[in-house]
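Have a look at the structure below before the remarks.
Nothing here was measured: the structure is a model prediction, and the numbers come from that model. We count residues from 1, following the sequence as given.
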Amino acid sequence: MEHFTDTVMYEIELTSKYIKHMGCRLFNQLGFKITPEEYTALDTINVHNNICQRDLAKLILKDRAGTGRIIVSLEEKKLVERYVDTKGNRLVRKMKITEEGIKVLNSCYKAI
């Protein structure tokens, strides 16, 4: 019987964590005010303005709770704004990028 630590799935998970760590280090070295996850969310919100959290989570391949934490962080940094809107017959909180968010995103585009 093979143990999990001896499988390809373990190696993939380990590689994924290493790449995430290296991305964070790169963003710190470049002096970005956001993390790679926040960058991914901010870029996606910029492309899909007025997106809801559920749709954002699907696009950035995160669960809703993790996406919520990223959105809260972006809100605290004043990079996105959330507002209540309707989708079908239900109320949803949608978001849009702020002017400050566009500035931060553009500085990332230039550096990357």
Original post:
Just wondering, do D55 and K87 contact through their side chains at under 4.5 Å, heavy atoms?
Top reply: yes
**OP:** Mind listing the closest non-hydrogen atom pair of N46 and I97 along with its distance?
**Re:** OD1-CG2, 3.8 Å
Original post:
Heavy-atom distance under 4.5 Å between the side chains of Y83 and N50, does that happen here?
Top reply: yes
Original post:
When you look at CZ of F4, are more than 12 heavy atoms from neighbouring residues, nucleotides or ligands closer to it than 6.0 Å?
Top reply: yes
Subject >> Short side-chain to backbone donor-acceptor contact, T86 and L91, under 3.5 Å >> reply: no
Subject >> Side-chain donor or acceptor of K62 paired with backbone N/O of E37 under 3.5 Å >> reply: no
Original post:
Any side-chain heavy atom of R82 within less than 4.5 Å of one from Q53?
Top reply: yes
Subject >> I34 vs L42 side-chain heavy atoms within contact, under 4.5 Å >> reply: yes
Original post:
Which distance, rounded to the nearest 0.5 Å, do you find between the CD of E81 and the CD of E99?
Top reply: 9.5 Å
Subject >> Shortest non-hydrogen separation from C108 to Y39 and the atoms involved >> reply: CB-CE1, 3.7 Å
Subject >> Residue pair I70 / A41: nearest heavy atoms and the distance that separates them >> reply: CG2-CB, 3.7 Å
Subject >> K77 atom NZ: more than 12 heavy-atom contacts under 6.0 Å >> reply: yes
Subject >> Single-linkage hydrophobic cluster L26~I19, side-chain heavy atoms < 4.5 angstrom >> reply: no
Original post:
How far does SG of C52 sit from NZ of K58, to the nearest 0.5 angstrom?
Top reply: 8.0 Å
Subject >> Close side-chain approach of L59 and I51, heavy atoms under 4.5 Å >> reply: yes
**OP:** Could I get the full list of salt bridge (Lys or Arg N to Asp or Glu O under 4.0 Å) partners for R93, not counting sequence neighbours?
**Re:** none
**OP:** Verify, without hydrogens or angle tests, whether S73 (side chain) and R69 (backbone) share a donor-acceptor contact under 3.5 angstrom.
**Re:** no
Subject >> side chain to side chain contact (heavy atoms under 4.5 Å, CB included) assessment of V92 paired with R54 >> reply: CA-CA 9 Å; V92 293; R54 179 184 303 245; over 6 Å; no
Subject >> Distance in Å, K33 NZ paired with N28 CG, rounded so as to fall on 0.5 Å steps >> reply: 14.0 Å
Original post:
Is a donor on one side and an acceptor on the other found under 3.5 Å between the side chain of T15 and the backbone of E11?
Top reply: yes
Subject >> Over all atoms of both residues, closest heavy-atom pair of V80 and I45 >> reply: CG1-CD1, 3.8 Å
Subject >> Pairwise distance CD(E38) to CG(L79) - rounded to 0.5 angstrom >> reply: 7.5 Å
Original post:
Out of curiosity, does V47 fall in the hydrophobic cluster containing L56 (side-chain heavy atoms, cut-off under 4.5 Å, transitive links)?
Top reply: no
**OP:** Give a yes or no answer on whether the side chain of T98 reaches the backbone of K78 with a donor-acceptor pair at less than 3.5 Å.
**Re:** yes
